[in-house]
Number of protein chains: 2
Amino acid sequence: MAVIGVRDVAASAGVSVGTVSNVLNSPGKVSAGTVKRVQAAITKLGFVRNDAARQLRAGRSRSIGLVVLDVANPFFSDVARGAEERAAEQGLAVLLGNSDENIDRESAYLDLFEEQRVLGVLISPLGDVGGRLAGLRASGTPTVLVDRQTDDQNFSSVAVDDVAGGYLAVSHLTSTGRTRIAFVGGPHALRQVADRLAGARKAIAEHTGATLESIDTDSLSVLQGRAVGEQLRARNPADRPDAVFAANDLLAIGVLQAFSMLGDVQVPRDVALIGYDDIAFASAAVVPLSSIRQPSALMGYTAVDLLLREAADGEAFEHEQIEFQPELVVRESTGG
Amino acid sequence: MAVIGVRDVAASAGVSVGTVSNVLNSPGKVSAGTVKRVQAAITKLGFVRNDAARQLRAGRSRSIGLVVLDVANPFFSDVARGAEERAAEQGLAVLLGNSDENIDRESAYLDLFEEQRVLGVLISPLGDVGGRLAGLRASGTPTVLVDRQTDDQNFSSVAVDDVAGGYLAVSHLTSTGRTRIAFVGGPHALRQVADRLAGARKAIAEHTGATLESIDTDSLSVLQGRAVGEQLRARNPADRPDAVFAANDLLAIGVLQAFSMLGDVQVPRDVALIGYDDIAFASAAVVPLSSIRQPSALMGYTAVDLLLREAADGEAFEHEQIEFQPELVVRESTGG
DNA sequence: GTGGATAATTGAATCGATTCATATTTTGAA
DNA sequence: TTCAAAATATGAATCGATTCAATTATCCAC
């Protein structure tokens with residue numbers, strides 16, 4: 001007997017397959033004695049439900065797909081943890097896909113999740129996936145955008161007001177007397193990056209005399225931050241910005257590493273530095289890092305919640321765009 | 001037509017379902033013209049393969065389950081990334097499960113993966129899961145232990161020699177003149193913790209005059225490290241250790257946060273500090289952290305590789321226990 | 001006891017892609 | 001042309017849990 005199935009259990013317990021299924025799914029419908037007998041048979045034979053068969057019949061899987069830009073970024077692992085928490089409350093699993101800021105991988109994960117008929121998809125999108133997601137929804141897979149607000153009323157989203165966040169960060173820099181600000185981040189196709197920069201511009205506009213330089217990076221990683229840091233350090237001190245606003249904490253930490261490695265650029269004396277996300281490591285950095293805090297785990301939790309509601313209500317569901325407000329956290333890196 | 005299936009595609013392209021399946025799985029068997037016609041129909045109808053049906057027939061899923069102790073730990077996200085890379089090369093997906101050092105969650109993920117008939121399981125085990133895993137293998141799901149060496153020849157494993165790592169760490173501390181060493185870590189049921197402590201003991205034994213104090217933690221997190229740090233800081237300076245070996249970098253960073261928050265305990269002047277894992281944030285810490293480096297991504301990559309080989313060879317497979325050597329990375333926190 | 005209701009159980013039909021033995025078409029050698 | 005071999009194509013049977021209409025058992029009131 002290669003694989004133990006419900007039929008085997010049924011035979012062993014002396015009941016029908018339907019009854020075995022009922023014991024598994026709605027024990028209330030079955031008499032106590034029968035439940036006991038069937039469960040004994042299950043244990044004796046070591047029966048394990050075949051999820052594929054279950055899903056085939058049900059038409060839907062019991063997992064949620066989550067596509068993030070970078071698993072190595074603590075911000076996203078916090079989002080994932082929050083999502084997992086809410087999903088676990090419903091006995092659902094979260095499949096984690098890492099797009100690594102790569103559009104082909106993002107697309108591959110969406111394909112995979114679609115074939116798996118997941119209950120829904122949570123995505124922190126890289127490029128323009130609107131069409132793709134509309135298709136998904138049309139085929140019955142609801143989608144929630146994470147960390148990306150959208151004006152498209154057809155999607156639910158959970159995000160932080162990144163324009164406000166950028167504004168907070170740069171206002172803080174100018175209010176502490178900095179005037180030559182550099183924004184470090186990229187790619188600009190990421191809405192997070194674009195919005196944070198927009199917020200920065202807004203703050204600059206309100207502060208006459210302050211200037212903003214934008215330095216592009218290929219991704220939001222420690223390594224890219226370090227490269228920018230090296231480059232800034234190599235500049236003539238007079239040409240250097242007196243403050244850097246990095247699009248996330250990983251970049252900020254990279255910049256900080258480059259600055260402190262040789263010690264000739266001091267933070268915050270020579271250059272003030274502020275990041276974004278307020279990951280757990282920000283407060284433990286060489287120079288504790290000022291940052292913009294986002295409720296990351298809560299965002300994941302909320303996103304799954306929206307997803308479940310949409311999955312339950314179907315067509316009738318009113319999409320919600322939830323926007324959290326970011327919060328300025330001042331630490332030593334900006335002189336705080 | 002609620003859902004588009006192979007039958008619909010077949011009808012639309014004027015071929016049989018068998019041919020559609022062949023186009024999908026072995027296009028070589030089908031004439032070029034037919035392939036084109038079928039693909040056109042697929043596109044036209046927006047057909048998406050139902051993975052559940054596929055798996056049901058195949059008997060196995062095309063994903064690999066990975067259970068880690070803590071997704072928020074960069075060490076494990078690196079392992080995950082390595083695993084994902086190798087899996088992607090074979091068109092497989094990795095399902096990431098976070099046990100959060102909780103034995104029930106670990107067990108729940110194993111249940112889930114078993115029901116999903118995953119191709120195999122990679123696990124960084126929490127407690128004693130030997131029996132459980134033997135059962136899994138018996139039912140055709142190979143398992144590879146990650147970050148845990150085992151003398152059990154029945155399992156493949158990928159690990160780092162943690163006894164050697166602990167030895168390296170503490171030898172480094174004693175060789176820089178430290179004598180009152182504290183080991184911070186827990187729970188000791190984790191083999192990583194026990195082994196690192198054993199290595200530390202070995203190093204102490206070789207250095208007359210050095211003593212080792214062991215401070216237990218509930219988990220390997222920044223928060224727990226901070227708690228220990230507070231506690232050490234509150235001690236009378238004479239009773240304080242002059243060096244701390246933390247069982248991983250998260251703990252070390254927590255300890256460091258506690259020490260530097262009020263500034264009365266200086267690293268490395270008053271207390272030298274060394275961690276374990278050499279995560280990316282170690283070098284960016286308040287005081288750049290000495291650590292023991294593990295080839296984390298390579299471990300994940302290798303683990304999937306072993307898994308695939310076992311899955312391919314079946315019973316005949318010779319289990320391999322691969323052990324990498326750790327490497328000492330000296331930075332400022334130990335005066336380096 | 002009996003009728004009527006409720007509770008418990010049954011098992012054939014179903015989900016959709018794949019398989020594989022069989023049937024059909026194409027190819028090219030004689 | 002003819003025919004065997006090779007290349008293509010067919011479609012009924014299959015994987016295993018679930019569903020639900022139909023059947024049987026149990027219970028209670030009169």
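Chain letters run A, B, ... following the sequence lines, proteins first, then strands; residues in each count from 1.
Side chain of B:Asn25 to main chain of B:Ser21: a donor-acceptor pair is present (N/O by atom type, distance under 3.5 Å, no hydrogens or angles). For B:Ser12 (side chain) and B:Asp8 (main-chain N/O), no donor-acceptor pair under 3.5 Å exists by modelled atom type. Within the 3.5 Å criterion, the main-chain N or O of A:Ala13 finds a donor-acceptor partner in the side chain of A:Arg37. A donor-acceptor pair is defined here as one N or O able to donate and one able to accept, closer than 3.5 Å; such a pair exists between the side chain of A:Gln321 and the backbone of A:Phe155. The backbone N or O of A:Arg137 lies less than 3.5 Å from no partner atom in the side chain of A:Thr141, so there is not a single donor-acceptor pair. The backbone N or O of A:Val118 lies less than 3.5 Å from a partner atom in the side chain of A:Arg60, making a donor-acceptor pair. With hydrogens and angles ignored, the 3.5 Å screen pairs no side-chain donor or acceptor of B:Asn73 with any backbone N or O of B:Asp70.
Using five terminal pairs a side, the axes of the helix from C:dG1-D:dC30 to C:dA30-D:dT1 at its two ends make an angle of 30°, given in steps of 10 degrees.
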*Reading nucleotides 6-17 of chain D 5' to 3', which nucleotides get B (base under 4.0 Å from a protein heavy atom), which S (sugar-phosphate only), which -?*
--SSBBB-BBBB
